[in-house]
Number of protein chains: 2
Amino acid sequence: MATTIRQVAAAAGVSIATASRALSGSDAVVASTKQRVLEVAQRLDYLPSRLGRSLATGTTGNVGVILPDVTNPFYTEFLAELESALGARDIGVLVGDSHETPELERRLIQRMATQVDQLVLASSRLDDGDVAQASARLPVLLANRMLGAETPAPATLRQVTIDVEPGFREAVHHLRELGHAAITYIDGPPQSWSGRQKARVLETVCGELSMPLTTVQLARPDFGGGRDAGARVLEGAPNTTAIIAFNDQVALGLLSALRERGLDVPGDVSVVGCDDSLPEGMAWPALTTVDSSSRMLGARAAAAILEPGAPQPGSVPTRLIVRASTGRSHTAGIANVAGREAKRIESASAPPPVEKRSVSRPHPPHH
Amino acid sequence: MATTIRQVAAAAGVSIATASRALSGSDAVVASTKQRVLEVAQRLDYLPSRLGRSLATGTTGNVGVILPDVTNPFYTEFLAELESALGARDIGVLVGDSHETPELERRLIQRMATQVDQLVLASSRLDDGDVAQASARLPVLLANRMLGAETPAPATLRQVTIDVEPGFREAVHHLRELGHAAITYIDGPPQSWSGRQKARVLETVCGELSMPLTTVQLARPDFGGGRDAGARVLEGAPNTTAIIAFNDQVALGLLSALRERGLDVPGDVSVVGCDDSLPEGMAWPALTTVDSSSRMLGARAAAAILEPGAPQPGSVPTRLIVRASTGRSHTAGIANVAGREAKRIESASAPPPVEKRSVSRPHPPHH
DNA sequence: ACGTCCCATGTAACCGGTTACATTCGACAC
DNA sequence: GTGTCGAATGTAACCGGTTACATGGGACGT
C-alpha cells in the first residue's frame, strides 16, 4: 500500500492536520516543524493522493476532453496544445473518443462528469439540448461549435470557435480571379457544426458572385473520405475545375484521387484545403489552404480553462494561404483529359512520364 | 451541488447501505426495494461519484497512458485502439504527452500515479531504473519497449512489443533481390528502444549478406525529420539506391525530399517504410513497408490490461508488404540524375513531364 | 409454542485527504 | 502574579461512496 499522510504525521510526531498544512505549502506552521515533516515525507516516498484531495476539496485538477476522432490530426493537434498548456499547470487530461457518435459522447460525459472539474467538447456531435444538460452538471467548454441562437446558453457554458468566414470568402474570390466559373465543396459529416459554417459562407459568397456551388457530403472527414468523394465528383461532374475541401486530410485524399486518374493539379483542377495542418512537402503540389488552426483553438481553450473569470473569448480568425494547388484553369475541366491523353500517346518517341507509368502498375490492395 | 447517495437513500426511505447495494447492481436486496431506489435515483438524476467510489474501493477505473508525442500517428492509432477497448469496459483514460523527454514523463507519472489503476508507457524514454521505480508504485505496462536483460523486472511490470525482426529481415532480402548493393537506414531518436531493435536487425542481416549499411540518426521521427534526413542523405551519399525508414512518416518525408530533387521512386531510389500506417493512396508511389502495426499493439495492450491474470503476451509479429516504392535500380543511383536531366532537355519537342515543371516553380514558405 | 436460522436491512468504520474549530502555551502588559 | 491575546498545533467532522458486522423479524421444524 502507498504511504498516507497519517503515516507521515506519525513518523514526524505531529498530527495529520499539521502534516497536511506542512505539505500543502505555506500555511501557519513553524519552519522547523515544516522542515521535519517534509523530510519524513521525502524519506517515506510520500505522494499525496489526488483522490483524497479531490474528495475533500471538491476540485479534481483534471479536465475531460472529448473528441470525435483521436486519429484525426485536427483534433490531435488541438489536444496536443491543450494538454501541454494544462500539464504545465499540473492539470490532468482525461480523453475520450466519441467516434463521431452522440451515444458514445453521452456515455463519455457520464464517465467523466464526477472526476473532472470541467469538460471540453471538441466539435461535439450532441444536439443543443444534450449540451445544455451536460453544462447543467459541470462547466463545459465547447470548442469548434456553438449553440443555436434559440438555445439559452447556461452560465457554465463557454465556447471557443474558429471564424471561417474571412478565409473561405478569400478562397472563393481567389478561385474566381483565376478564372474558375463554378465551385464544388466537399463538406464534412452532417453533424459537424463547422462544416455547416463553411457551407453557409460558401453559399453566401458564391451567391454574391453568382457562381454555381455544388456540395458533396462526406461520411468521415479523413483521407479515405476525400478519396471517395474525389472519385464521386470526377464521375458525376467531369467539368469540375475548382474544389474546396472540408479539411486538409480530405484535400489530400482528393489530390490522391485526382493523381490516380492522371489529372494535373492545378492545371486541370484547383484544390483548396482547410486547417493548414500539413507539414511542408506533405501535399503535392503544396496545398492552398485556409489556416483554420486547431493548435490555436487548443491554445484558446487552454486559456479559457486557466482563466475562468476571463470574458467570453473571441473566435480565431482565418485567412487564405495561397500555395501551388490552385491556378488558372488551362483546360475546360476534367472532361478534356481523355483527349489530351490520346494526344500524348500519339507522340510516340518520348518516354512516357514516370508518374503516368506508375499509375497503371497494379499493386496489392492496402490491408 | 450534485445529488449524493445519501439524498437518494433519504428520498427512498432506506439506509445508505441499502441504497448503495441497490445501485451497485445485484446484491442481496429485495426486488421491490431495489426498484424503488432505482426510481428515486433516476428521478433525482443521480450519478455516482467515481471519486468516492475509487477512494472506498481502492480501484479507480482509470488507466494512465503516456506517449512521447500525441501528434504522431503511430501513437495516435495506438491510443485510439486502447481507448476504444478500455472505454467499452467503462475504463477511463488519462493521457499525457512527454514530448520525448524523461523529465516530463516522470512528472506525468507522479500526477497520474494516485488516480489510475495502471500505467501504460508507450515507447518510454525513461531509463530502466526509473521504469522499475514506477512499477514499484503501481502496475506498469510497457508498450514498444523492453527492459534490458540485466534489470530485474518487477512482478507488476509487463511488456507488449512488436517483433520487427522478420519484417526487417524480409525488407533487406527484398532489396537485395532487386539488385541493391547497399542500404541506408534512417533511424529514430536515440532514446527509442524500437529504433535500436530495428538498427540491430539491419546490422545482423546486412552482416549476413555482406551488404554495407549506413545509419542516419534522426531527432524527431516525423514527416519533417524524414525530409531533413532525406536531404542529408542525398547530399552526403549521392549513390544511395535503397533507404529504409524508421517509420512511414519518415518515409513520407523522404519521398517528399526525393521528389523535390526530381528523383524517381523506385527508378532511382527504393524506399521502405515501417508501420503500414498510411491509408491507401497517401504515399506516392504506394509505400513498401513493414507492417509494424501500432493498432495491434494497442489491442494487445488493452488485452493485457483487461486480463490481468493472462500470461505475458508475446510480441506482435511483422512482415514486409511490397508495394510500389521499391524496384530494380535502373540508374547507378542519385548521382546520375543530373546527366539524365540534361538528356531530356535535349529531346526538345515532347512536353516536359508535368511533375518536373511543378518542381521548379517557387512557392511561398510554409508557415 | 419455542428455538433456530437466514435474509433483508441498518449502523458505523473506513478510504486519504482538508479545514473549521478547540486547545494549549508562551509572551507581554498591567 | 494574573489576565489577555495570538500563534502553533491538535481534534474531529466532512467529502461520497463501500462493506464488515450488528440487528431484527419471518419462516420453518419439532
Side-chain angles (χ1 to χ4, degrees), chain A residues 1-38 40-41 44-62 90 110-117 137-138, chain B residues 1-38 40-41 44-62 90 110-117 137-138:
Chain A
M1 208 54 194
T3 87
T4 74
I5 199 172
R6 289 161 220 270
Q7 297 172 28
V8 173
V14 296
S15 72
I16 51 174
T18 303
S20 172
R21 284 189 273 254
L23 290 164
S24 52
S26 51
D27 230 320
V29 43
V30 87
S32 62
T33 321
K34 182 170 181 175
Q35 177 69 13
R36 184 156 38 98
V37 172
L38 290 180
V40 171
L44 297 185
D45 196 23
Y46 170 73
L47 192 61
S49 158
R50 302 267 289 208
L51 290 175
R53 196 197 299 268
S54 299
L55 199 51
T57 60
T59 154
T60 64
N62 293 329
D90 213 41
Q110 298 255 90
R111 183 188 305 149
M112 292 179 176
T114 61
Q115 47 182 346
V116 301
D117 297 331
R137 220 188 256 294
L138 77 173
Chain B
M1 210 51 196
T3 87
T4 74
I5 199 171
R6 289 160 220 270
Q7 298 173 27
V8 174
V14 297
S15 73
I16 52 174
T18 302
S20 171
R21 285 188 274 254
L23 289 164
S24 51
S26 51
D27 230 321
V29 44
V30 87
S32 63
T33 322
K34 182 169 178 173
Q35 179 70 11
R36 185 156 37 96
V37 172
L38 291 179
V40 171
L44 296 184
D45 195 25
Y46 170 72
L47 191 62
S49 158
R50 301 270 288 209
L51 290 175
R53 195 196 300 267
S54 300
L55 199 51
T57 61
T59 154
T60 64
N62 294 143
D90 213 41
Q110 298 255 90
R111 182 189 306 150
M112 291 178 176
T114 61
Q115 47 182 346
V116 301
D117 296 331
R137 219 189 259 291
L138 80 171

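Chain naming here is simple, since letters A, B, ... match the order of the sequence lines and numbering starts at 1 in each.
In terms of modelled atom types and a separation under 3.5 Å, the side chain of A:R50 and the main chain of A:G61 share a donor-acceptor contact.
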Between the protein and nucleotides 4-11 of chain D, which nitrogen or oxygen pairs are less than 3.5 angstrom apart?
| unit_1 | atom_1 | unit_2 | atom_2 | d |
| --- | --- | --- | --- | --- |
| D:dT9 | OP1 | A:T33 | OG1 | 2.6 |
| D:dT9 | OP2 | A:V30 | N | 3.0 |
| D:dG10 | OP2 | A:S15 | N | 2.8 |
| D:dG10 | OP2 | A:S15 | OG | 3.0 |
| D:dG10 | OP2 | A:T18 | OG1 | 2.6 |
| D:dG10 | N7 | A:R21 | NH2 | 2.9 |
| D:dG10 | O6 | A:R21 | NH1 | 3.4 |
| D:dG10 | O6 | A:R21 | NH2 | 3.3 |

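Rounded to a whole Å, the CG atom of B:L51 is 9 Å from the C1' atom of D:dG16. The separation between A:Q7 atom CD and C:dC15 atom C1' is 13 Å, rounded to whole Å. The nearest whole Å value for the distance from the CD1 atom in B:I5 to the P atom in D:dC15 is 14 Å. Rounded to an integer number of Å, the gap from A:Q115 CD to D:dG16 P is 15 Å. Going from atom CG of B:L55 over to atom P of C:dG17 covers 9 Å, rounded to whole Å. As rounded to whole Å, 15 Å separates atom C1' of C:dG16 from atom CG of A:L44.
Looking at B:N62 and B:D117, their side chains never come closer than 4.5 Å, going by heavy atoms from C-beta outward. In this structure, the side chains of A:L51 and B:T114 stay at 4.5 Å or more apart for every pair of heavy atoms. Taking the side chain as every heavy atom from C-beta outward, A:R21 and A:T18 approach each other to under 4.5 Å. Taking 4.5 Å as the limit, every side-chain heavy atom of B:D45 sits out of range of all side-chain heavy atoms of B:T3. The shortest distance between side-chain heavy atoms of A:L47 and B:Q110 falls below 4.5 Å.
Using a 4.0 Å cut-off, some side-chain N or O of A:S20 falls inside it from OP1 or OP2 of C:dT18.
Residue-to-nucleotide contacts include a donor-acceptor pair under 3.5 Å from the side chain of A:R6 to the base of C:dG17.
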